[in-house]
Enquirer: 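Can you keep this structure in mind? I'll have questions shortly.
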Amino acid sequence: MDKEIKEDRRDKNPDEEKPHISPKSSETEDYSEMERLGRYLAQKLRLIDFSGNDQRDESQRILRELSLDGIVEYIKENTNCKIITMAGAGISTSAGIPDFRSPSSGLYHKLEKYNLPHPQAIFELDFFMKNPEPFFTLARDLMPEGFKPTTCHYFIRLLWEKGLLLRHYTQNIDTLERIAGLPSDKLVEAHGTFHTGRCLKCRAPYTLSWMKEKIMGGIIPKCEECNEGIVKPDIIFFGEMLPERFQVLADRDFVQADLLIIMGSSLVVQPFASLIDRVRTTCPRLLINNEKVGMQDRLSRFLGLRQGLVFDSRNTHGGRDVAWLGDCDAGCQLLADKLGWRDDLQALIQREHESLNSGNRSDN
Ligand code: CNA
């Protein structure tokens, strides 16, 4: 148990700031030789299990084609398809909330004014205890104040309404999934949320509206119970443990999933990023993002380890990973159109936005 808890601390990936480099074509040719050797070594060293599903006949393709159409066909053929969605800041950028790492528009690009030792310091507990001001200044930009969920958020809700959503795992702290009306039992807020807060000294709980009033007024929220501690929103800082709900449900859900959809994340923050490897080896994985991320590195490929996304039809059973590159909203809209849900999605967005405009929020 102790070990599990340690592994679930929110960590920066050591490769976090390194760009993913696609293999050059000459290197690709070397791969089959290297892969064979790697798989042989890995098998000898018992690093991977070649039994079970992986031994299926190569002609049993998982997806008829490695494209959005292949995914659509797969969903239509699996009437009880259990879908897990995983999301990051990229699903909220069109709502007006900046992500971390997008060049020029991302938050990390805009942190110079805070004079931080390094950009992540703003989300580090030690730094926060000494100097909470930069976090609360930034929090004003991130507070769920007047932001509306995006097409992508409502697409996730539609998956739930269609009975296909096993669970939505989000790294976002903006509460837009709640505002979009996704029920809390379908939601895992892996990095916590602004929805609630706590005094760091006496642990007294505080509501979003209480914190919002202080933060938007430029006041550092101080506890009214002990009059000493700072009230920190319940978002997980680097080095803090992830909510227990994350570990419990991830253990249960990922082995059951029939499809994984990853949206708007650079997949660099651990342990969240490694969830993509917890689905079965026959579970297709669709990435909807501006850029390709989370790809298998050369060592894993060499050793035949199943880590990371492989957008390559030469892989087992014709491959199972699909990258749709572009805007999350456009990708979700296209997916909805191809699934025959265009009208349902439009009606849902219109109804919910009208309700938000009239002040009848449907968050939970
Ligand atoms: P990130 O590292 O900033 O990556 C975002 C990814 O989304 C990048 O690959 C972008 O290219 C991509 N992207 C951005 N906009 C779009 C778009 N409209 N369509 C498609 N792709 C897009 O963010 P991650 O979520 O991966 O990093 C994890 C951090 C970010 C979590 O701990 C969050 O707490 C944190 N964060 C959350 C929010 C929020 O709650 N909205 C905002 C900023 C940061």
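Start at 1 and go down the list; that is how both ligands and their atoms are numbered.
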Enquirer: Heavy-atom contacts with E291 under 4.0 Å: which atoms of ligand 1 show up? List them by number with element.
Expert: 8 (C), 9 (O), 10 (C), 11 (O)
Enquirer: Check D185 with R167, please: is the shortest side-chain N to carboxylate O separation under 4.0 Å?
Expert: no
Enquirer: Which of the numbered atoms in ligand 1 are under 4.0 angstrom from any heavy atom belonging to A89?
Expert: 23 (O), 24 (P), 25 (O), 36 (N), 37 (C), 38 (C), 42 (C), 43 (C), 44 (C)
Enquirer: Grab the two heavy atoms, one from I62 and one from G319, that are nearest each other, plus how far apart they are.
Expert: CB-O, 4.2 Å
Enquirer: Give the atom numbers and elements of ligand 1 that come within less than 4.0 Å of a heavy atom of G326.
Expert: 19 (N), 20 (C)
Enquirer: Mind listing the closest non-hydrogen atom pair of E228 and K222 along with its distance?
Expert: O-CD, 3.9 Å
Enquirer: Do the side-chain N and O atoms of S300 and D297 include a donor-acceptor pair separated by under 3.5 angstrom?
Expert: yes
Enquirer: Taking atom types as modelled and ignoring hydrogens, do the side chains of D234 and T196 form a donor-acceptor contact shorter than 3.5 angstrom?
Expert: yes
Enquirer: When rounded to the nearest 0.5 angstrom, what is the spacing between NZ in K186 and CG in L249?
Expert: 10.0 Å
Enquirer: Could you work out, for atom 5 (C) of ligand 1, the closest of I235, D99, T193 by heavy-atom distance?
Expert: D99
Enquirer: If only side-chain N and O atoms count, and only distance matters, is there a donor-acceptor pair under 3.5 Å linking E177 with T170?
Expert: yes
Enquirer: What atoms in ligand 1 come closer than 4.0 Å to a heavy atom of I97?
Expert: 41 (N)
Enquirer: State whether a side-chain donor-acceptor pair under 3.5 Å links Q333 with D337.
Expert: yes
Enquirer: Which atoms from ligand 1 have a heavy atom of P98 less than 4.0 Å away?
Expert: 42 (C), 43 (C)
Enquirer: Would you mind listing which atoms of ligand 1 come within a distance below 4.0 Å of any non-hydrogen atom of T93?
Expert: 15 (N), 16 (C), 17 (C), 18 (N)
Enquirer: Atoms of ligand 1 less than 4.0 Å from G88 heavy atoms?
Expert: 25 (O)
Enquirer: Which of the atoms in ligand 1, numbered in the order shown and given with their element, are less than 4.0 Å from a heavy-atom of G264?
Expert: 5 (C), 6 (C), 7 (O)
Enquirer: Taking only non-hydrogen atoms of V268, do any sit less than 4.0 angstrom from ligand 1?
Expert: no
Enquirer: Decide whether an N or O pair under 3.5 Å exists between I173 and ligand 1.
Expert: yes
Enquirer: State whether the shortest distance between N or O atoms of D174 and N or O atoms of ligand 1 falls below 3.5 angstrom.
Expert: yes
